[in-house]
Participant: 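First, the structure itself, so that you have it in front of you.
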Amino acid sequence: MRFMERQHTTHSAEQTCELGRRCGEELRPGDLITLEGPLGAGKTTFTQGIARALGLASDVVSPTFVLIIEHAGRIPLLHLDAYRLENLCHDAVRDAGVLDFLDREDAVKLVEWPQRIADFLPVPRLRVVIAPGPGADERNITITRQ
Ligand code: ADP
Ligand code: MG
């Protein structure tokens, strides 16, 4: 995975998906990966690439109306959207299922909007930050290990 830990620039959704796929090839059960970037940055697109690498049967959509989606695959993918979890105490985060999510060692765990639950996320984790621009279809994607 070290070879991926740098800044990448993509120029289309397909390239971002492909980067996600290459990243996904390196993931193992229990790995935690966080995805940051504004709405429309390409978080779901990147996740679709990961899903492809994990051999997922179903398409990935953002879990905007449910908190956590589980996808079956060669390695299961757990997809948590923490967008609506701002300023929650430990009990509320537990009740939302986040702690059980983090305990899962059989799946790749992916968190969108990790800033919302930063205090509860363990290390090590793989951090992906997607910054749009300056071109319309350009995305600067930084992958680091935390
Ligand atoms: P998010 O999940 O971060 O809100 P999505 O992945 O759902 O974002 O949407 C990204 C949108 O931006 C899509 O409509 C996609 O076609 C478009 N797009 C254009 N260029 C890129 C790129 N280089 N990488 C990812 N998406 C891109
Ligand atoms: Mg999305």
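Just so you know, ligand 1 is whichever comes first in the structure, and atom 1 is the first atom listed for that ligand.
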Participant: Filter on salt bridge (charged side-chain N to carboxylate O under 4.0 Å, His left out), then keep only pairs touching residues 32-57, sequence neighbours left out; what's left?
Facilitator: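 Residue pairs passing salt bridge (charged side-chain N to carboxylate O under 4.0 Å, His left out), neighbours aside: Glu36-Arg127.
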Participant: For ligand 1, note which part of Thr45 has a heavy atom under 4.0 Å away: side chain, backbone, both or neither.
Facilitator: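 Contact part for Thr45 vs ligand 1: both backbone and side chain.
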Participant: Can you tell me which portion of His11 lies within the under-4.0 Å heavy-atom range of ligand 1? Options are side chain, backbone, both, or neither.
Facilitator: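 For His11, the contact with ligand 1 is made by the backbone alone.
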Participant: Would you find more than 12 non-hydrogen atoms of other residues, nucleotides or ligands less than 6.0 Å from Tyr83 atom OH?
Facilitator: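 Not buried by this count: 12 neighbours or fewer within 6.0 Å.
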Participant: When you compare ligand 1 with Gly42, is there at least one nitrogen or oxygen pair between them that comes in under 3.5 angstrom?
Facilitator: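 Between Gly42 and ligand 1 (N or O atoms, distance only) the closest approach is under 3.5 Å.
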Participant: When rounded to the nearest 0.5 angstrom, what distance separates CZ in Arg139 from CZ in Phe46?
Facilitator: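 Interatomic distance, Arg139 CZ to Phe46 CZ, rounded to 0.5 Å: 13.5 Å.
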Participant: Number the atoms of ligand 1 from 1 as they appear, then name those within less than 4.0 Å of a heavy atom of Leu39, with their elements.
Facilitator: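 Those of ligand 1 that fall under 4.0 Å from Leu39 are 4 (O).
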Participant: Kindly identify the option in Glu138, Arg139, Lys43 whose heavy atom sits closest to atom 3 (O) of ligand 1.
Facilitator: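 Answer by nearest heavy atom: Lys43.
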Participant: Backbone N or O of Gly30 within a donor-acceptor pair of the Asp106 side chain at under 3.5 Å?
Facilitator: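 Checking the backbone N and O of Gly30 against the side chain of Asp106, no donor-acceptor pair under 3.5 Å is found.
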Participant: Please confirm whether Gly37 approaches ligand 1 to less than 4.0 Å, judged on its heavy atoms.
Facilitator: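 It does not; every heavy atom stays at 4.0 Å or beyond.
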Participant: Does Cys17 reach ligand 1, in the sense of a heavy atom lying below 4.0 Å from it?
Facilitator: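 Not so, Cys17 does not reach ligand 1.
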Participant: Specify side chain, backbone, both or neither for Pro38, according to which of its non-hydrogen atoms lie closer than 4.0 Å to ligand 1.
Facilitator: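 Looking at Pro38 and ligand 1, just backbone atoms fall under 4.0 Å.
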Participant: Is the shortest side-chain N to carboxylate O distance from Glu105 to Lys109 below 4.0 Å?
Facilitator: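 Result for this pair is yes, salt bridge flagged.
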Participant: Is Arg22 salt-bridged to Glu18, cutoff N-O under 4.0 Å?
Facilitator: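 Looking at Glu18 together with Arg22, the answer is no, because their closest N to O distance does not fall below 4.0 Å.
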Participant: Please determine if Glu112 has a nitrogen or oxygen closer than 3.5 Å to a nitrogen or oxygen of ligand 1.
Facilitator: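 Among all N and O atoms of Glu112, none is under 3.5 Å from an N or O of ligand 1.
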Participant: Can you check whether Ala41 has an N/O within less than 3.5 Å of an N/O in ligand 1?
Facilitator: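 So ligand 1 has an N or O lying under 3.5 Å from an N or O of Ala41.
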Participant: To the nearest 0.5 angstrom, please state how far the SG atom of Cys89 sits from the CG atom of Asp95.
Facilitator: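 Going from the SG atom of Cys89 to the CG atom of Asp95 covers 8.0 Å.
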Participant: Does Asp31 come within less than 4.0 Å of Arg28, counting only side-chain N to carboxylate O?
Facilitator: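 Answer for the salt bridge query: no.
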Participant: Within 2.8 Å of the Mg ion (ligand 2), is there any N, O or S atom belonging to Thr47?
Facilitator: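 For Thr47, the answer is no, given that no N, O or S atom comes within less than 2.8 Å of the Mg ion (ligand 2).
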